[in-house]
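Working notes, beginning with the structure itself.
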Amino acid sequence: MNRKNALAAGVAAALALGSVTMVATQSTAAPRPTAAAGASASQPGAGFRAMTADARREAIRTAGRNAAATARELGMGPDERLVAKDVLIDADGSRHVRYDRTYRGLPVIGGDLVVHLAEDGTITGSDLAHQGAVRIAGTTPKLTAADASAKAVKHARHVKKAKAGSKDSALVVYAVGKIPVLAYRSTVTGEGETGPTSREAVIVDATSGAALDQYELHQSVTGTGNGVTVGQVSIETTQTAGGYTLTDAAHGGTIVYDSYNSPQSNPRQNARSFSKTTNSWGSGTSSSRESAAVDASYGLAKTWDYYKDSFNRSGIRNDGRGARAYVHVDNSLVNAFYDDDCFCMYFGDGSSQNGNTPVTAVDVAGHEMSHGVTASTANLTYSGESGGLNEATSDIFGTMVEFYANNAGDPGDYYIGEKLNMSGGSLRRMDNPATDGRSLSCWNSGAGSVDVHLSSGIGNHFFYLAAEGTGAKTIGGRSHTGTTCNNDTFAGIGKDKAAAVWYRALTTYMTSTTNYAGARTATLQAAADLYGANSQERYLISKAWAAVSVGTALPDPGTGTPTPSPSTPTPSPTTPPSGNALTNGGFEQGTSGWTQSDNIITNSSLQAARDGSWYAWMMGYGADAVESLSQSNIAVPSTGTPKLTFWLKVSTQESGLIAYDTLKVKVNGSTLATYSNADASSGYVQKTVDLSAHKGQTVKLEFAGTEDTYLSTIFLLDGITIG
């Protein structure tokens, strides 16, 4: 008897005596929905599962129970502890756990991290604010709390008549720099930019008293703005001792400055903040310097909210911090741009060629802020085809922000900058980019050699077709043509789904050098993640790429007949006389025809076969384990409605409906069905999986089992047929 059977024998005995209740400390993922159910694009983040408050709390508790093991695996020191803060779960069960860090019980500023785990709990990667272990000489400060408070008052920059008590100073480890140090974090209050009770956080070295960092703690209020392009809107501002400033504390402290026509080469040279005694801003005309600032403040807030509501992203860098924006840059500048080095956005005033309309429309603000999202995720190189994808990403999400804002004066459409009074009606069009006489609507071999604002047309055109499909439409009061490069016609999947696919591809699969062919691969994988490998959404994504001359369309999973790869052996795809395309589906010839990762096929008396004496016993270790049972070169019948049918018995020590241990049915690497401990049964239950999408193909069938660290689940298989 091998190790698994020995362990499982004990498990079987325990199960025979009744349920065993223990706390499991791995996956909190629920069973993956079927391809038909898919994953809604309205979930918090592209590909993330929606969780109830109770499920989220349980996920965080589970992450907390795993914290010590996670810290050890990441190489952290014995004095460090991880505190679970949040958990996001992908549609496929992958998890992203956000932790704060402590050192000998002290909070570590800059010690936060995100750990990425596969569905089976295996760590697949991590992102750490401070790389490596935290080590300091000791936790006994030279300064007292009162000393630290006095130092903090002297160092405060934003608060006048400052005061801080020793109760407002707490020991921390400051790990934002390369070398962590013992420090005090103090809250200083007094008169300042946010009013008579302004607050500022000041961090000082606990040995020398030197200032390490300081920043305002804002409280936002709502004001009225009259923008040039957005009309009258509500904007978030901050109250000061003398009135108000255009500081948006509700969106990470985003601040809008007046560049005062500083040159484009140094756009902050003459910059100053906007402030006034009343909380009403601008007249709605270009002659009012505040009006362009209203446009920018409103657009950036709507962009923040779009990313938050659609993808649970908190700001450009997903760190909750707002960026700086500067309006009135240079003279007669018909441009706006983003600078990742200073975490800034700049907006020109326009010129006589566009009626001196400030370049501050909602889709422009969304475009510029999205450059920051790209910089903090795929970081697409700003040249060649990757540069075109960079620009296309900003146009895509700038457009989505415009739809999201739902501003009566600027309804959503697929024109970029249509509110800027350009002679051609807009800066760019996504439905038919080539209408400007320069942009590319279709990919060609020279796409990487043209300006990125022109090659972006390929990505823009793809997105429009993926979202809206082909044919003439009126959207937002404007005409859209929906032409293609291959004369194809098809429906779209909707803009929200298309945006969810693009966001997941950008944040999960694209890299700095991704080209258009790579973007096709990334979006097809993202569509499979979100909606299923055989979904109409994935199929229509491929159709949209083919329509802009990038790749070919996949077979229609509903009606198409896929063609086997030339490299794949192709025996006649007809049902054999036995009625079973599988070899030895009942295992009565032992291991014949099958490939197994362990001694899975057995006639052990510890469990019972459904028919005969042989069966497949998968999992049952009660520990981290992965197993596989597969058969290749299976000719799926080309007639009728082919199906995979098998008998499954699931026994488990787990309780509840959370899928801790799973058995996946895969065909050619794609998961078609998933079973788990939540499917426990007293006997064998017949299961059926539709293989219509693989009709006429020669395929590989695999049963892939995964078990987590605690408690056992046994999966028994017998009587497997394809016909």
Side-chain angles (χ1 to χ4, degrees), residues 2-16 18-34 49 55 58-59 61-63 65-66 69 87 89-95 97 117-124 596-602 604 606-607 615-630 646-666 671-685 687 689 702-718:
N2 63 20
R3 174 178 174 269
K4 177 182 72 174
N5 289 345
L7 286 170
V11 171
L15 290 169
S19 62
V20 180
T21 303
M22 293 180 66
V23 176
T25 64
Q26 283 291 316
S27 172
T28 58
R32 181 176 181 172
T34 64
R49 289 178 178 159
E58 176 58 29
R61 283 196 293 269
T62 299
R65 292 192 289 266
N66 288 338
V87 178
I89 303 177
D90 280 350
D92 66 356
S94 300
R95 284 166 291 154
V97 182
L117 305 100
E119 186 179 17
D120 62 2
T122 303
I123 294 178
T124 58
Q596 54 183 349
S597 61
D598 198 353
N599 296 325
I600 293 171
I601 299 173
T602 180
S604 168
L606 290 173
Q607 299 287 345
Y615 57 96
W617 178 341
M618 298 191 70
M619 314 315 299
Y621 289 96
D624 285 325
V626 175
E627 284 187 338
S628 173
L629 176 67
S630 65
F646 59 95
W647 292 89
L648 173 67
K649 179 180 178 181
V650 182
S651 304
T652 186
Q653 289 181 325
E654 305 281 6
S655 60
L657 298 178
I658 296 175
Y660 295 105
D661 311 312
T662 62
L663 179 71
K664 294 185 176 182
V665 179
K666 298 183 178 182
T671 301
L672 301 188
T674 302
Y675 307 94
S676 73
N677 51 275
D679 299 304
S681 57
S682 58
Y684 282 90
V685 177
K687 304 292 183 182
V689 178
E702 180 186 14
F703 293 89
T706 302
E707 195 169 15
D708 73 358
T709 306
Y710 298 100
L711 304 180
S712 170
T713 300
I714 298 171
F715 300 95
L716 303 182
L717 295 165
D718 205 352

- prompt: For the side chain of S676 and the backbone of A678, is there at least one donor-acceptor N/O pair under 3.5 Å apart?
  reply: yes

message: Give me the atom names and distance for the closest heavy-atom approach of S681 to V685.
response: CB-CG2, 3.9 Å

query: Could you state the interatomic distance from CG (D708) to OH (Y660), rounded to the nearest 0.5 Å?
result: 8.0 Å

message: Do Y615 and T602 have side chains that approach each other closer than 4.5 Å (heavy atoms only, starting at C-beta)?
response: yes

message: For a 4.5 angstrom cut-off between non-hydrogen side-chain atoms, does V689 reach F646?
response: yes

message: Checking T124 against L117 for the side-chain contact (heavy atoms from CB on, under 4.5 Å) test, could you report, in this order, the C-alpha distance in whole Å, the side-chain angles of both residues, the deciding distance, and whether it holds?
response: CA-CA 5 Å; T124 58; L117 305 100; 5.6 Å; no

- prompt: Taking side chain as C-beta onward, heavy atoms only, is I714 less than 4.5 Å from V650?
  reply: no

Heavy-atom check, side chain of I601 versus side chain of Q596, under 4.5 Å: yes

task: Quick one: closest heavy-atom pair of V87 and A63, and the distance?
output: CG2-CB, 4.0 Å

- line: Rounding to 0.5 Å, atoms CG (L663) and CE (M619) come to a distance of 9.0 Å

field: Exercise: do T706 and D120 side chains pair donor with acceptor under 3.5 Å
entry: no

Aromatic ring proximity, centroids under 6.0 angstrom, F703 and F715: no

query: Would you find a donor on one side and an acceptor on the other, under 3.5 Å apart, between the side chain of D92 and the backbone of S94?
result: yes

message: Strictly distance-based, threshold 3.5 Å: is any side-chain N or O of N677 a donor or acceptor partner for the main-chain N or O of D661?
response: yes

- prompt: Roughly how far, to the nearest 0.5 Å, is CE of M618 from CG of L716?
  reply: 11.0 Å

query: Among side-chain atoms of S628 and S597, is any donor-acceptor pair under 3.5 angstrom?
result: no

query: Does E702 use its side chain to pair, donor to acceptor, with the backbone of S630 at less than 3.5 Å?
result: no

- prompt: Between NZ of K666 and CG of L672, what distance do you get to the nearest 0.5 Å?
  reply: 10.5 Å

task: Report the distance from atom OG1 of T652 to atom CD of E707, rounding to the nearest 0.5 Å.
output: 8.0 Å

